[in-house]
Amino acid sequence: MRRHPRRGEAGREVTAGTTAKAPSLRGAEVGRRIGVGLMYGLWKPRVLGAWKVPATGPVILAVNHSHNIDGPMVMGVAPRPTHFLIKKEAFIGPLDPFLLGIGQVKVDRSGTDRTAITQALDVLSAGGVLGIFPEGTRGEGDFAALRAGLAYFAVRGGAPIVPVAVLGSSEQRGRLIKGLPPLRSRVDVVFGDPFEAGDGSGRRTRKALDEATERIQKQLTAHLENARRLTGR
């Protein structure tokens, strides 16, 4: 999703693609249980601040992204089942029905994916947890560049944002599997205080979303700095 929806598009977006099946909460719970087993079995997660995630109601987890295990790690340690927005390129072969079965949302990043937008809003309207990598792709994991989608979903879905910092997943490569962190190494996951992205006006104009994105970036960057201080990483 490379641009803000134009003014007046929101209504069409939530009706477009309504034939798509809504992400399954039960599937996401299954995914969480699988994540618990894998993440705690392969590595040593240290989780800080998970109690800050609201126990009920819609919420967005905004996660930094420097390694492929960041999403599964958050799914496994978060206190609630999470539906992540995941690029369609990850839905390959048997992973396609598996990821869809555990309630994840396939996103085509080549344009405005109305089906994915509809499904993400469905998650929030049902009081669920939506996981987003606001940087859009793997990188330094420092929230230096954010896409507009996070602000749109937060404002349109009326959901608070909980910043999440995953630290240690990309520090070094494993000996057995080079593409993964060393087995039984520590990975820190730090949840921050929830905050509102909007200014309270309910506006969804381009200017309002740009301003919301700036507020979000400041909050996420501050959380990452605090997480690094807390963990010493």
Residue pair Arg32 / Arg80, side-chain heavy-atom distance below 4.5 Å: no

Criterion side-chain contact (heavy atoms from CB on, under 4.5 Å) on Phe84 and Leu61, from CA distance to verdict: CA-CA 9 Å; Phe84 265 98; Leu61 302 183; 5.6 Å; no

Sub-4.5 Å side-chain heavy-atom contact between Asn226 and Leu230: yes

Non-hydrogen side-chain atoms of Leu220 and Pro134 separated by less than 4.5 Å: yes

Crowding at NZ, Lys52 (>12 non-hydrogen neighbours, <6.0 Å): yes

Exercise: identify the closest heavy-atom pair between Arg233 and Leu167: NH1-O, 3.5 Å

hydrophobic_cluster_shared for Leu25 and Leu121, side chain cutoff 4.5 Å: no

Heavy-atom check, side chain of Val190 versus side chain of Thr231, under 4.5 Å: yes

Beyond-backbone contact of Ile117 with Phe153, side-chain heavy atoms, under 4.5 angstrom: yes

Verify same cluster id: Val30, Leu99 (apolar side-chain graph, 4.5 Å): yes

Pair Asp193-Gln219, side-chain contact (heavy atoms from CB on, under 4.5 Å): steps then yes or no: CA-CA 10 Å; Asp193 294 317; Gln219 292 273 9; over 6 Å; no

Cluster link Val77 to Val36, ILVMFWY, side chain under 4.5 Å: yes

Inter-residue atom distance Ser169.OG - Ile69.CD1, 0.5 Å rounding: 5.0 Å

Any side-chain heavy-atom pair of Lys106 and Asp96 under 4.5 Å: yes

Considering all heavy atoms, the nearest Ala197-Ala212 contact: O-CB, 3.6 Å

Same apolar cluster (I L V M F W Y, side chains within < 4.5 Å links), Leu224/Leu48: no

Heavy-atom closest contact (Pro58 atom, Gly158 atom, distance): CG-O, 4.3 Å

Residues Ile102, Met75; criterion side-chain contact (heavy atoms from CB on, under 4.5 Å); working and verdict: CA-CA 11 Å; Ile102 61 171; Met75 285 180 62; 4.0 Å; yes

Side-chain ion pair, Arg228 and Glu225, N-O less than 4.0 Å: no

From Arg215 atom CZ to Phe195 atom CZ, the distance as rounded to the nearest 0.5 Å: 10.0 Å

Sidechain-backbone polar pair: Trp43 side chain, Leu38 backbone, donor-acceptor under 3.5 Å: no

Considering all heavy atoms, the nearest Gly103-Pro23 contact: O-CB, 3.6 Å

Thr221 (side chain) donor-acceptor with Gln217 (main chain) under 3.5 angstrom: yes

Over 12 non-hydrogen atoms of neighbours within 6.0 angstrom of CZ in Arg33: no

Closest non-hydrogen atom pair, Val123 against Val129: CG1-O, 3.7 Å

Asn64 vs Phe133 side-chain heavy atoms within contact, under 4.5 Å: no

Nearest-0.5 Å distance that lies between atom CD1 in Ile132 and atom CD1 in Ile60: 4.5 Å

Test side-chain contact (heavy atoms from CB on, under 4.5 Å) applied to Met39 and Val187, step by step: CA-CA 9 Å; Met39 297 304 108; Val187 177; over 6 Å; no

Side chain to side chain, Pro45 and Met73, heavy atoms closer than 4.5 Å: yes

Basic-acidic side-chain contact under 4.0 Å: Asp188, Arg186: yes

Test: Glu214 and Lys218 ion pair at under 4.0 Å: no

Rounded distance [0.5 Å steps], CG in Leu124 versus CG in Leu130: 5.0 Å

Side-chain donor/acceptor of Glu135 to backbone N/O of His65, under 3.5 Å: yes

Reported CG-to-CZ distance for the pair Asp108 and Arg114, which is rounded to 0.5 angstrom: 12.5 Å

Separation between NE2 of His83 and OG of Ser24, rounded to the nearest 0.5 Å: 7.0 Å

Heavy-atom closest pair, residues Thr82 and Ala28: O-CB, 4.0 Å

